[in-house]
Amino acid sequence: MIERVPVERRICLDDYAGFVPLAVAVGELRSRARELVPRIAGRRVWMVSSTAAGGGVAEMLPQLISILRELGVTVEWVVIRPREPEFFVLTKRLHNLIHGVGDPRLGASDHTLYRAVSRRCAEELAQLIDRDDLLVVHDPQPLGVGAELKRAVGVRAIWRSHIGLEEELPATRAVWEFLRPFTEAYDHAVFSAREYVPDWLLPRTTIIAPGIDPLGHKNRELKPHKLVGILCDSRLSQAHAPVLTPPFGEPARRLRPDGRFTEAAETDEIGLLYRPILTQISRWDRLKGFLPLLSGFVELKRRARTGERPARDRRRLEIARLVLAGPDPGGVADDPEARAVLEELGAAWRALEPPIRDDIALVTLPMGSRKENALMVNALQRSSVVVIQNSLREGFGLTATEAMWKGVAVLASCATGLRLQVRDQLDGRLVRDPLDAAELARTLDEMLSAPHRRAAWGRSGQRRVLDEFLVFSQAMKWLRVFAETASRR
Ligand code: UDP
């Protein structure tokens, strides 16, 4: 029920420091580490999460771990793999309730299941962990595991919640009541935003904004021939000339009107290299707002046919396409709803009239190779004139960070995590209501018709990520949390 996740040595700090814009951040991290790492000497740090692929946590951990190791910290990563499939159904409910969504009734059987699985995973993990180690538990799925382990082994434990909601609703009250006894076992908590922290955890909470790896496969720069090669290797585009590398192990697939998923560029091109492309890439989760975005895009296309506008702007709207992409639902273990959400979205897409349906591509990205998946996301984001994140709720929203780093203008909803990153009219645009198709269409229309402003938003967003949301500042804050937790009696 516990699986070690290997993390191979990745890009090292010298590689980063070789990039002029990153050198200052790396220097600062190194000097802080010289002071903090000795304070946790002899202790191992155990990261515990519920999946090694798909979603924000799995995204961030490998590079964070690799950097911490280079700085002299011993870090291990394990994921829980409960045998009971109902466990992830329950934890998905807990996840949604933290976001304020779902039926707030959590019954005795839910408690029993959560406790039993947590206890069994904890027993297994106890074989690996020492009393002096530091435990970092990510999100609600393994929260109970950490609490049980803390009680059994007495290890120092930190809970890292990547999600939260700034308002209090019946759903959030219910889920926090459920989770509170487990959170209380922890020495410290880490949240992405002050707004998310339940009152009782405030005195022992640190805020750490997530950060991205600027040189990883997801974010590194791609020269045109590389980008084209990736699109061709993943069959997102057809190869019209020889490309450098052989096709990827598994192709990206695209939904067809007959309901099948086939290679994305099998018979026709999405037009990633030719058309203005609008993209949202997320897990298939209702809270990501795919369905309302689909309606917003349909509305945008209708607008193209009405009103006066310069010929260039009209043309841009006519040929623009929307790509809705997410992981192949077979590849993400802790997200049992993904398939149903994708089916719902697929049904809505298939019900559209053909000309507009052809302008929207529903794409699944294979998860078999993390590297290939990351390269596909990178290439798709770089092929876009606007990257959208229309979330109804969003803990942080790394997809926005990733697009900003690439200098792509972002359209995001006002969900807290996105609002923390994207400043309206500075780094992109924010829509007030992700369910309002007219607002989405109007804002997209404005963005598409303003290429110079889009470029300025892209530049400003890149600067913002450099200053605030790279892995270095994240690693620095973690070192401080480790040192302080270790020195606490
Ligand atoms: N992602 C990915 N492949 C996919 C879809 C998403 O690698 O097919 C990544 C995406 O690039 C981002 C992460 O998953 O890095 C999602 O993180 P985010 O904070 O946006 O949302 P979460 O999934 O944590 O709710």
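Just so you know, these numbers use all the heavy atoms, side chains as well, and skip hydrogens, waters and symmetry mates. Just so it is clear, the structure is predicted and the values come from calculations on it, not from any experiment. Atoms within each ligand, like the ligands themselves, are counted from 1 in listed order.
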So which protein heavy atom does [atom] come closest to, and at what separation?
atom	answer
atom 19 (O) of ligand 1	Leu398 N, 2.8 Å
atom 1 (N) of ligand 1	Lys218 NZ, 4.0 Å
atom 3 (N) of ligand 1	Asn373 OD1, 2.9 Å
atom 8 (O) of ligand 1	Pro327 N, 3.1 Å
atom 16 (C) of ligand 1	Gly56 N, 3.7 Å
atom 23 (O) of ligand 1	Arg283 NE, 2.6 Å
atom 6 (C) of ligand 1	Ile281 CG2, 4.0 Å

Salt bridge check, Asp199 against Arg180: does any charged N sit closer than 4.0 Å to a carboxylate O?
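So Arg180 does not pair with Asp199 through a salt bridge.
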
Please state whether Lys288 comes within less than 4.0 angstrom of ligand 1, counting heavy atoms only.
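Judged by the 4.0 Å heavy-atom criterion, Lys288 does count as contacting ligand 1.
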
Can you tell me if Ala374 has a non-hydrogen atom under 4.0 Å from ligand 1?
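So Ala374 does not count as touching ligand 1.
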
Have Thr399 and Gln389 got a donor and an acceptor in their side chains that come within less than 3.5 Å?
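Gln389 and Thr399 do have a side-chain donor-acceptor pair below 3.5 Å.
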
Could you tell me if Ser413 and Asn390 have a donor-acceptor pair between their side chains, going purely by distance under 3.5 Å?
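Not at all, the side chains of Asn390 and Ser413 share no donor-acceptor pair under 3.5 Å.
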
